[in-house]
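What follows is a short report on a single structure.
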Amino acid sequence: MKTIDVGTICQLRRYPVKSMGGEPLPEARLGWHGVRGDRRAALLRLDDESGLPFLSARQLPELLTYRATIPGTEETPILVVTPAGDSLRFEDPVLVSELSSLAGTPVRAIHLWRGCFDSMPISIVTTASLQALEGDLGTSLEVDRFRPNIVVELASASEAYAEDRWLGRRLTFGGGDAAQARCNRKTTRCRVVNHDTKTASANNAIHSFLATRRKNLFGVYASPEHPGVLRVGDTVRLISD
């Protein structure tokens, strides 16, 4: 198996509740259903009979300002820090009532052991692509707008959008019996990327630029090819199949 070093993992992130703010991790277990603890909970809109009945930041941008954490193992209850600074369990009726009121529709806290993904279980972006987008827009952007699990710092900072060329190929992370993921498709972006993750305020120029100049694509979706542990600082290698 021939590999090419393309960079290192500089950030790992998970989002325990769909569309809520997430948390950085020094290491994470990659399983067959993505990063352990990632998007394993969601808010179900009780009056929605569509095929995608989960409350998301598309309907309620303020959801981004609620930060979900797992302060222990994956079996530890999810805690949510509200914009007011309160720390509540995800299922707490006070929190569910507050979010139902904000959404204007009744919601219920649910858990999904396989995860709740719009498309695929792993999202990858590179710092070079983020920096290129910042340069084009003339503003700094927090990476959480794009909700990646793995942020890769490329060996060559000039290779903006290098991940576009990884499609159909595998990445391996670290050494030994390393975790692997296959890059399957470019990530189509919705207007959620316009919203600041701390204030929910919108900058419509972000999605407009991606739509007109990038065919609405930024980053890549991937699927697990081999379980293993991901660590910040791990070497990322592209496998030549």
Side-chain angles (χ1 to χ4, degrees), residues 12-25 28-29 31-123 142-149 187-204 206-207 219 221 223:
L12 290 168
R13 309 194 68 84
R14 72 176 169 199
Y15 307 86
V17 179
K18 181 177 177 63
S19 269
M20 284 190 181
E23 58 184 346
L25 300 170
R29 179 75 185 179
W32 292 116
H33 302 297
V35 172
R36 293 276 182 89
D38 185 54
R39 296 170 173 91
R40 294 309 197 259
L43 293 158
L44 178 68
R45 291 177 288 171
L46 298 181
D47 59 359
D48 190 321
E49 297 181 358
S50 72
L52 197 64
F54 307 110
L55 181 67
S56 80
R58 287 188 290 270
Q59 298 90 28
L60 183 67
E62 291 84 355
L63 203 56
L64 297 168
T65 66
Y66 289 75
R67 184 170 60 86
T69 68
I70 303 175
T73 66
E74 285 77 23
E75 290 73 33
T76 304
I78 296 170
L79 294 181
V80 175
V81 180
T82 72
D86 298 320
S87 183
L88 302 170
R89 286 182 61 158
F90 173 58
E91 305 85 356
D92 192 308
V94 172
L95 178 62
V96 174
S97 177
E98 179 177 321
L99 292 169
S100 293
S101 179
L102 283 173
T105 187
V107 299
R108 179 164 65 90
I110 62 170
H111 292 266
L112 300 100
W113 67 271
R114 288 186 176 181
C116 179
F117 309 104
D118 285 352
S119 185
M120 292 185 181
I122 307 169
S123 175
E142 65 273 22
V143 73
D144 262 4
R145 285 180 187 263
F146 305 98
R147 304 182 71 76
N149 299 115
T187 306
T188 303
R189 296 296 174 175
C190 67
R191 295 184 184 276
V192 170
V193 299
N194 287 336
H195 294 282
D196 185 286
T197 58
K198 295 182 177 62
T199 67
S201 60
N203 177 354
N204 295 327
I206 300 171
H207 187 264
Y221 279 132
S223 56

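Not measured: the values here are computed from a predicted model. As a basis for the values below, the full set of heavy atoms in this structure was taken, side chains included, without hydrogen atoms, waters or symmetry mates.
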* To do: Flag the pair L52 / R58 as yes when at least one side-chain heavy-atom distance between them is below 4.5 Å, and no otherwise.
  => yes
* Find out whether K18 and D118 are in side-chain contact, i.e. whether some heavy atom of one side chain is under 4.5 Å from a heavy atom of the other. => yes
* Can you tell me if CD on E142 sees more than 12 non-hydrogen neighbours from other groups inside 6.0 Å? -> yes
* Side chains of D38 and N149, donor plus acceptor under 3.5 Å -> yes
* **Min side-chain heavy-atom separation F54-L112 under 4.5 Å** => yes
* R14 versus I70: any side-chain heavy-atom pair under 4.5 Å? -> yes
* Just how far is it from atom NE2 of H195 to atom OG of S19, taken to the nearest 0.5 Å? -> 10.5 Å
* **Shortest non-hydrogen contact from L43 toward M20** => CD1-CE, 4.2 Å
* Near R67 CZ, under 6.0 Å, is it more than 12 heavy atoms from other residues, nucleotides or ligands? -> no
* To do: Examine the side chains of H111 and E91 and answer whether a donor and an acceptor come within less than 3.5 Å of each other.
  => yes
* To do: Return the minimal non-hydrogen interatomic distance between T65 and A200, and the atom names on each side.
  => CG2-N, 3.9 Å
* Asked: For P148 and V143, which heavy atoms make the closest approach, and how far apart are they?
  -> CD-O, 3.4 Å
* **L46 side chain reached by V107 side chain, heavy atoms, under 4.5 Å** => no
* Evaluate the criterion side-chain contact (heavy atoms from CB on, under 4.5 Å) for residue pair R39 and R147; output intermediate values, then yes/no. => CA-CA 11 Å; R39 296 170 173 91; R147 304 182 71 76; 3.5 Å; yes
* To do: Let me see the working for D144 and Y15 under side-chain hydrogen bond (donor to acceptor under 3.5 Å, both in side chains), right down to the final yes or no.
  => CA-CA 10 Å; D144 262 4; Y15 307 86; 2.9 Å; yes
* Partner of Y66 under side-chain contact (heavy atoms from CB on, under 4.5 Å), chosen from L60, L95, V81, L88 -> L95
* Asked: Considering only heavy atoms from C-beta outward, does the side chain of R45 approach that of Q59 to under 4.5 Å?
  -> yes
* To do: Please report the closest heavy-atom contact between G34 and R40, naming both atoms and the distance.
  => O-NH2, 4.3 Å
* Structure fact -> OG (S97) and CG (D92) are apart, to the nearest 0.5 Å, by 10.0 Å
* Asked: Can we call the ring centroids of H33 and F117 under 6.0 Å apart?
  -> no
* To do: Please name the residue in the list I78, L79, V80 that meets the side-chain contact (heavy atoms from CB on, under 4.5 Å) test with R89.
  => L79
* Any idea which heavy atoms bring R145 and N194 closest together, and the distance? -> NH1-O, 2.8 Å
* Check: S100 and T105 side chains under 4.5 Å, non-hydrogen atoms -> no
* Do the side chains of V192 and S56 get nearer than 4.5 Å, heavy atoms only? -> no
* To do: Might you point out which heavy atoms bring F90 and A109 nearest each other, and give the distance in Å?
  => CE2-CB, 3.4 Å
* To do: Under the ring-ring contact (aromatic ring centres under 6.0 Å, His included) rule, collect the residues that match up with Y221, sequence neighbours excluded.
  => none
